[in-house]
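Computed from heavy atoms alone, side chains included, the values below leave out hydrogens, waters and symmetry copies. Remember, it's a predicted structure, so these values are computed and weren't measured experimentally.
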Amino acid sequence: MYQERKKLGFELLISNLFSNLGRLVVTNLIFAIPFLGSVAIMWCVYKFLLPSFVLVIPFSLVLASPFYSGVVLLSREYSQNKSPRNVLKTYLKAVRDNGPRFICYGALLYVAILGCYFGVRVYITMAASYSGFFYVFLFFIFLIALFFLFFFYAVPLMTVSFELKLKDVLKNSALMTFGEFKNNFFSTIGLIIFLAIALFPFLVIPYLVSVLSVELVKLLLVLYLGISFGMLIPAPCAMIISHYLYPNMRTVISGEGVPTFEPTSQRNSIASENKETTPTPEEIAELSKGDGDEYIFYQGKMIKRKVLLKMLKEKENKNE
């Protein structure tokens, strides 16, 4: 009997993107109002108060950050083939519940962007003027930027998905930056491909200068960027990140799907890499001292402390 081939991860992602296209557009349109409003406010500040594009315009991310929480929540649902009955109500509830934290995340993102930007400029200038040795520092800036990129993949998603303390969200998102490197990598590739497609017209518009005036071409560029970042890009990008990160994140935090120490499923267990290792009372006692909601690495896996304790105790009881 013919059996349908199981879809690969990227095939499921593309299928979900197309099947939820209408909902994604609606989500983007809802977010477009506060986002474009934030950009307009900071543009006025740039023009009339503080003429520093680099310092002023990125601050619009801070103003719009509370409203991004609704985008993340809805996109997560779409990535799991779920559709809220009332999109606007769900969006507003997410903003109300998570807005204050997202302002903090927006401020942190703003500082990270400026820090990495000025770091790159400084070390490129110093490498060109003094010594190529400064390219080593430029490499570390790249690693820091990569860390923050992966960090801000996890932080919004974890915040809207689970009831955790702020310190736990930040700490565990930091652990997931390279602990979930594979999924972060696939998320980045997916984002690059999507953004390349979405922003392709932006590369084509300048060639219209042969038939249109320079001022009109500039206006078209600004309008397309506004439409793209306000109404086209946010929700699909959040959905791509959710598609790759949320399943493992849910498993780790809720404990759902965490493998047991049953012999028949030994190859899937966390202890499979070292089958002879058995938990000692001292090890269990040491693990019991920490916060049960904290996430730690154990034999290459990130897992909730209280879930790991339960598993170790079960294994200890079986060995006895």
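Under the 4.5 Å side-chain heavy-atom criterion for ILVMFWY residues, no single connected hydrophobic cluster contains both L50 and I113. At a threshold of 4.5 Å between side-chain heavy atoms, the hydrophobic network of Ile, Leu, Val, Met, Phe, Trp and Tyr places V87 and F18 in one connected group. Both L63 and L49 belong to a single network of hydrophobic side chains, linked directly or stepwise wherever heavy atoms of I, L, V, M, F, W or Y lie under 4.5 Å apart.
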Item to check | Verdict with supporting geometry, F152 and L108, side chain to side chain contact (heavy atoms under 4.5 Å, CB included) | outcome: CA-CA 10 Å; F152 284 108; L108 182 58; 3.8 Å; yes

Next on the checklist: Determine whether S75 and I241 satisfy the following criterion, side chain to side chain contact (heavy atoms under 4.5 Å, CB included), listing intermediate values before the conclusion.
Outcome noted: CA-CA 9 Å; S75 299; I241 295 170; over 6 Å; no

Next on the checklist: For a side chain to side chain contact (heavy atoms under 4.5 Å, CB included) check, start with the C-alpha distance between S83 and E77, then their side-chain angles and the critical distance, and finish with the verdict.
Outcome noted: CA-CA 6 Å; S83 53; E77 294 298 281; over 6 Å; no

Next on the checklist: Go through it in stages, so that I can follow the logic: the residues are T90 and K93, the test is side chain to side chain contact (heavy atoms under 4.5 Å, CB included), and I'd like the CA-CA distance, side-chain angles, deciding distance and then a yes or no.
Outcome noted: CA-CA 5 Å; T90 303; K93 185 179 185 302; 5.8 Å; no

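Contact annotation: the side chain of V169 approaches that of R101 to within less than 4.5 Å [non-hydrogen atoms, C-beta and beyond]. Using a 4.5 Å heavy-atom cutoff, the side chains of V120 and F142 are not in contact. Inter-residue side-chain proximity for I233 and L199 is flagged as met; some heavy-atom pair is nearer than 4.5 Å. Side-chain contact between T159 and Y105 is present, with heavy atoms from C-beta onward closer than 4.5 Å. Taking 4.5 Å as the limit, some side-chain heavy atom of R250 sits within range of a side-chain heavy atom of F162. F102 places none of its side-chain heavy atoms less than 4.5 Å from the side chain of V95. For the pair F186 and I240, the minimum side-chain heavy-atom distance is 4.5 Å or more. Using a 4.5 Å heavy-atom cutoff, the side chains of V62 and S38 are not in contact.
The neighbour count for F139 CZ, taken as heavy atoms of other residues, nucleotides or ligands under 6.0 Å away, does not exceed 12.
Between Y123 and F134, the angle of the ring planes stays under 30°, which puts this pair in the parallel group of the 30/60° scheme. Relative orientation of the W43 and F53 rings is perpendicular, given thresholds of 30° and 60° on the angle between their planes. Using a 30° and 60° split on the angle between ring planes, F147 and F151 fall in the parallel class, below 30°.
Atoms CG and CG, from N20 and L74 in turn, are 10.5 Å apart once rounded to the nearest 0.5 Å. To the nearest 0.5 Å, atom CG of residue N16 and atom NE2 of residue H243 are 7.0 Å apart. Atoms OG and OH, on S161 and Y246 in that order, are 5.0 Å from each other to the nearest 0.5 Å. Note that CE of M176 is 7.5 Å distant from CG of N183, once rounded to the nearest 0.5 Å. Rounded to the nearest 0.5 angstrom, Y110 OH and L55 CG are separated by 5.0 Å. Between Y68 atom OH and S65 atom OG the span is 11.0 Å, to the nearest 0.5 Å.
L245 and S187 get closest at one heavy-atom pair: CG-OG, 4.3 Å. Nearest approach of A154 to M249, heavy atoms of both residues: O-CE, 4.0 Å. Contact between I103 and P66 at its shortest, heavy atoms only, is CG1-CG, 3.2 Å. Here the closest heavy-atom approach between residue A235 and residue V71 is recorded as CA-CG1, 3.7 Å. Nearest heavy atoms, S69 versus V160: O-CG1, 3.8 Å. Annotation for P247 and S242: closest pair CD-O, 3.6 Å, computed over non-hydrogen atoms.
Of the candidates Y130, Y135, F137, F137 is the only one forming a ring pair (Phe, Tyr, Trp, His ring centres under 6.0 Å) with F133.
Ring pair F67/F31: centre-to-centre distance not below 6.0 Å.
Under the 3.5 Å distance criterion, the side-chain polar atoms of N28 are matched with a main-chain donor or acceptor of L232.
Considering only residues two or more places apart in sequence or on other chains, K218 meets the salt bridge (Lys or Arg N to Asp or Glu O under 4.0 Å) condition with none of them.
There is a side-chain donor-acceptor pair under 3.5 Å between Y78 and T27.
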